Amino acid sequence: ERMRITSAGHTHFGSTSSPSAGQGGVSILNYGTIQSSRTGTANLSHNEFYNPNGQVGNIKTGGSDLNINASSSLTFYTNNSEKFRITSAGSVGIGETDPHGRVHIKDGNSGDTAIDINNDDLVIENSSYAGITLTTPNNKGGGIYFSDPDVAASGRLFYDHAGNFMTFTTNNSERMR
């Protein structure tokens with residue numbers, strides 16, 4: 001038997017029952033298991049993914065949420081090349097399979113393997129020049145602000161496009177222009 005439609009409206013391909021019988025709409029079993037289901041009031045639909053060792057991830061929708069769950073890293077590919085990864089620890093790697101910080105953007109290998117753990121929230125790596133660009137309109141400015149629980153911008157580097165000047169601020173006072 002290759003396909004079964006039960007009296008409850010469950011459709012099963014490759015098996016006579018669903019992995020979670022009673023919830024299902026569609027299931028395709030074996031090592032490419034896809035199961036779409038809908039429960040009564042939750043309207044939850046999900047697809048599950050398996051390998052020979054068991055479930056490795058799922059995609060669930062309910063209400064306006066889309067939840068993607070992987071048992072290890074969640075990876076995104078284009079042209080058979082990994083472009084983006086979220087690790088099981090919640091770190092994000094763009095162009096990096098082993099993020100060295102909370103967010104690691106890599107455009108080339110710098111050779112650096114030891115990032116200071118107190119300053120690893122954002123790591124930008126390149127094999128040549130690396131940088132961050134802040135883009136604003138001609139009559140505005142851009143800056144990097146340093147804050148603490150008491151002062152929102154006690155230190156800052158700020159560039160003003162309208163006046164074409166840069167300021168350096170410490171202890172909430174401009175120190176150099």
Side-chain angles (χ1 to χ4, degrees), residues 36-39 41-51 53-177:
S36 294
S37 62
R38 181 177 178 181
T39 60
T41 58
N43 288 330
L44 177 67
S45 179
H46 67 276
N47 292 325
E48 297 175 346
F49 303 95
Y50 291 81
N51 70 17
N53 298 318
Q55 185 176 349
V56 295
N58 60 62
I59 300 174
K60 295 182 180 185
T61 58
S64 60
D65 295 334
L66 172 64
N67 304 303
I68 301 174
N69 180 32
S71 59
S72 58
S73 293
L74 179 62
T75 56
F76 297 84
Y77 286 76
T78 61
N79 291 328
N80 294 320
S81 175
E82 182 178 320
K83 304 298 183 199
F84 179 80
R85 165 182 297 251
I86 303 172
T87 69
S88 60
S91 296
V92 174
I94 300 172
E96 173 58 53
T97 59
D98 183 21
H100 297 272
R102 190 71 168 155
V103 176
H104 187 162
I105 302 169
K106 183 176 183 178
D107 196 25
N109 191 354
S110 70
D112 191 353
T113 59
I115 304 297
D116 183 339
I117 62 169
N118 294 312
N119 298 295
D120 67 348
D121 297 313
L122 175 62
V123 177
I124 298 177
E125 181 179 6
N126 199 324
S127 58
S128 183
Y129 298 96
I132 299 171
T133 301
L134 306 175
T135 304
T136 64
N138 292 339
N139 62 346
K140 303 294 182 189
I144 300 173
Y145 292 75
F146 304 87
S147 65
D148 59 44
D150 297 325
V151 182
S154 56
R156 59 188 167 269
L157 303 172
F158 184 82
Y159 182 78
D160 185 294
H161 288 286
N164 286 321
F165 64 86
M166 179 174 276
T167 61
F168 296 83
T169 302
T170 62
N171 198 21
N172 211 26
S173 297
E174 184 178 311
R175 304 296 180 177
M176 184 170 38
R177 182 180 288 225

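Sequence positions, counted from 1, serve as the residue numbers for this chain. None of the values given here were measured: they were computed from a predicted structure.
- Atom NZ of Lys83 is surrounded by more than 12 heavy atoms from other residues, nucleotides or ligands within 6.0 Å.
- Residues Pro99 and Val123 fail the side-chain proximity criterion, which asks for heavy atoms closer than 4.5 Å.
- In terms of modelled atom types and a separation under 3.5 Å, the side chain of Arg175 and the main chain of Phe168 share no donor-acceptor contact.
- Smallest separation of non-hydrogen atoms from Ala162 and Asn139: CB-CA, 4.1 Å.
- Nearest heavy atoms, Val151 versus Asp148: N-OD1, 2.7 Å.
- Here the straight-line distance linking atom CZ of Arg85 with atom CD1 of Ile94 works out to 13.0 Å at 0.5 Å rounding.
- Atom-to-atom distance recorded for Ile105:CD1 and Phe84:CZ is 10.0 Å, nearest 0.5 angstrom.
- A distance of 4.5 Å separates CG in Asn126 from CG in Asp107, rounded to the nearest 0.5 Å.
- Atom CZ of Phe76 has more than 12 neighbouring heavy atoms from other residues, nucleotides or ligands inside a 6.0 Å radius.
- Considering all non-hydrogen atoms of both residues, Ser73 and Ser88 come closest at OG-N, 4.2 Å.
- Inter-residue side-chain proximity for Glu125 and Asn109 is flagged as met; some heavy-atom pair is nearer than 4.5 Å.
- Thr87 OG1 to Glu96 CD: the interatomic distance, rounded to the nearest 0.5 Å, is 11.0 Å.
- Annotation: the span from Ile115 atom CD1 to Asp121 atom CG amounts to 12.0 Å, rounded to 0.5 Å.
- Looking at Asp116, its side chain does come within 3.5 Å of a backbone N or O of Asn118 through a donor-acceptor pair.
- Counting only heavy atoms from C-beta outward, the side chains of Met166 and Leu157 never approach each other to under 4.5 Å.
- No side-chain donor from either of Thr75 and Glu82 sits under 3.5 Å from a side-chain acceptor of the other.
- Here the closest non-hydrogen pair linking Arg177 and Thr167 is NE-CG2, 3.9 Å.
- Going from atom NZ of Lys106 over to atom CD1 of Ile124 covers 14.0 Å, rounded to the nearest 0.5 Å.
- Side chains of Asn172 and Arg156 form a contact here, defined as non-hydrogen atoms less than 4.5 Å apart.
- Not one N or O on the side chain of Asn171 forms a donor-acceptor pair closer than 3.5 Å with the backbone of Ser173.
- Between Tyr145 and Phe158, the angle of the ring planes goes over 60°, which puts this pair in the perpendicular group of the 30/60° scheme.
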